[in-house]
Amino acid sequence: METNHHTTQQTEKEKNPNLEKISGIKMKSIGVLMTCPMHKYLEQQLETHFNLFKLWHCNSSITEFLKTHQGNTIRAVVGNTEIGADAELIASLPSLEIVASYSVGLDKIDLRKCEEKGIRVANTPDVLTDDVADLAIGLILGVLRGICASDAYVRIGKWKDADFGLATKFSGKSVGIVGLGRIGTAIAKRAEAFGCSISYFSRSQKPFANYKFYSNIIDLATSCQILIVACALTEETRHIINREVIDALGPKGILINIGRGAHVDETELVSALLEGRLGGAGLDVYENEPDVPEELLGLGNVVLQPHVGSDTVETSDAMADLVISNLKAHFSKKSLLTPVI
Ligand SMILES: O=CC(=O)O
């Protein structure tokens with residue numbers, strides 16, 4: 001859908017290179033604030049099309065920065081999973097009209113404040129779904145087949161002394177998914193191709209006859225061998241993976257988290273892994289990024305990634321294009337491509 005719109009936009013622009021001016025708006029004078037370094041291509045695109053302000057160039061307080069950088073001309077914020085738009089930032093930007101997030105997750109944006117002030121919000125769904133789902137499968141294989149541990153085994157020359165030992169099979173395992181949205185469904189499809197049975201926990205039952213629905217996450221964790229967190233982070237889903245869920249998954253169970261660190265009670269996760277109450281974990285996200293609990297670093301049954309679910313060249317470019325398209329649509333008074341509010 002995004003591609004069609006993109007193609008239509010390009011055609012219109014090709015037909016009329018002055019489109020931006022003709023719609024009565026000089027985009028170049030619109031102030032856009034980027035909250036932290038993200039993707040170089042996005043930064044270049046923002047610099048080309050708008051008047052870009054970079055918050056990380058701020059040595060003083062946000063208020064000081066905005067005073068010296070004409071904060072009142074800033075009409076858009078581009079944030080990400082690290083720094084979004086909290087109440088303080090929103091309050092310091094009197095002309096803010098839109099937050100276009102370079103992320104699908106919205107947990108770093110004060111949505112209530114945006115709604116209250118009539119500020120639009122857009123994110124980058126769909127374009128990153130495949131990459132995040134691919135990484136979830138990669139983490140499962142990484143943990144069960146010991147890919148990182150066996151790679152290290154070869155590199156440090158241990159293979160010459162002895163075989164690596166036996167790993168655990170993935171194909172045919174039972175997979176439980178917390179949150180069957182776009183990403184959860186993409187993971188389910190991939191796991192199905194590995195001959196896995198799929199069950200899920202979600203706010204409501206979805207129209208997938210061959211996936212078993214659980215309205216209780218403990219029952220889901222009890223019934224599956226691999227539990228994957230793929231839901232959005234909200235007040236309801238914070239620490240959804242607690243001690244009870246971890247114990248229901250059990251000493252042979254594997255936890256995969258490609259959602260947000262705060263979905264999991266990390267202290268409980270660490271002690272379950274250290275005490276052998278959980279079989280292993282594949283994690284892309286943590287409660288206090290970029291800090292990862294020390295105890296996890298020495299565990300061979302854990303695979304750690306530095307929050308890179310959507311970080312491929314292809315997807316990062318597509319996310320950047322979507323951010324730019326949303327901003328251009330907003331300032332041309334057209335519908336947002338991927339509106340949240
Ligand atoms: O974590 C990644 C995202 O929300 O896009």
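Atoms within a ligand are numbered from 1 in the order they appear, just like the ligands themselves.
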Chemist: Any carboxylate oxygen within less than 4.0 angstrom of a Lys/Arg side-chain nitrogen, looking at D247 and R277?
Modeler: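 Salt bridge present between D247 and R277.
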
Chemist: Hydrogens and angles aside, do S223 and Y214 bring a side-chain donor and acceptor to less than 3.5 Å of each other?
Modeler: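 Checked: S223/Y214 side chains pair up, N/O donor to acceptor below 3.5 Å.
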
Chemist: How about V229 and L255: do any of their side-chain heavy atoms sit closer than 4.5 Å?
Modeler: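 V229 reaches L255 side chain to side chain.
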
Chemist: Would you tabulate the side-chain donor-acceptor contacts of residues 168-175 under 3.5 Å, counting partners in other chains and residues two or more places apart, or write 'none'?
Modeler:
{"from": "K173", "atom 1": "NZ", "to": "K169", "atom 2": "O", "distance (Å)": "2.8"}
{"from": "S174", "atom 1": "OG", "to": "Q225", "atom 2": "N", "distance (Å)": "3.1"}
{"from": "S174", "atom 1": "OG", "to": "Q225", "atom 2": "OE1", "distance (Å)": "3.2"}

Chemist: State, without any angle test, whether Y286 and N257 hold a side-chain donor-acceptor pair at a distance under 3.5 Å.
Modeler: no

Chemist: Are there over 12 heavy-atom neighbours, none belonging to K113, within less than 6.0 Å of that residue's NZ?
Modeler: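 No - once you tally the heavy atoms of other residues, nucleotides and ligands closer than 6.0 Å, there are 12 at most.
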
Chemist: Near ligand 1, which protein residues have a heavy atom under 4.0 Å away?
Modeler: T81, S103, V104, G105, L128, R260, H307

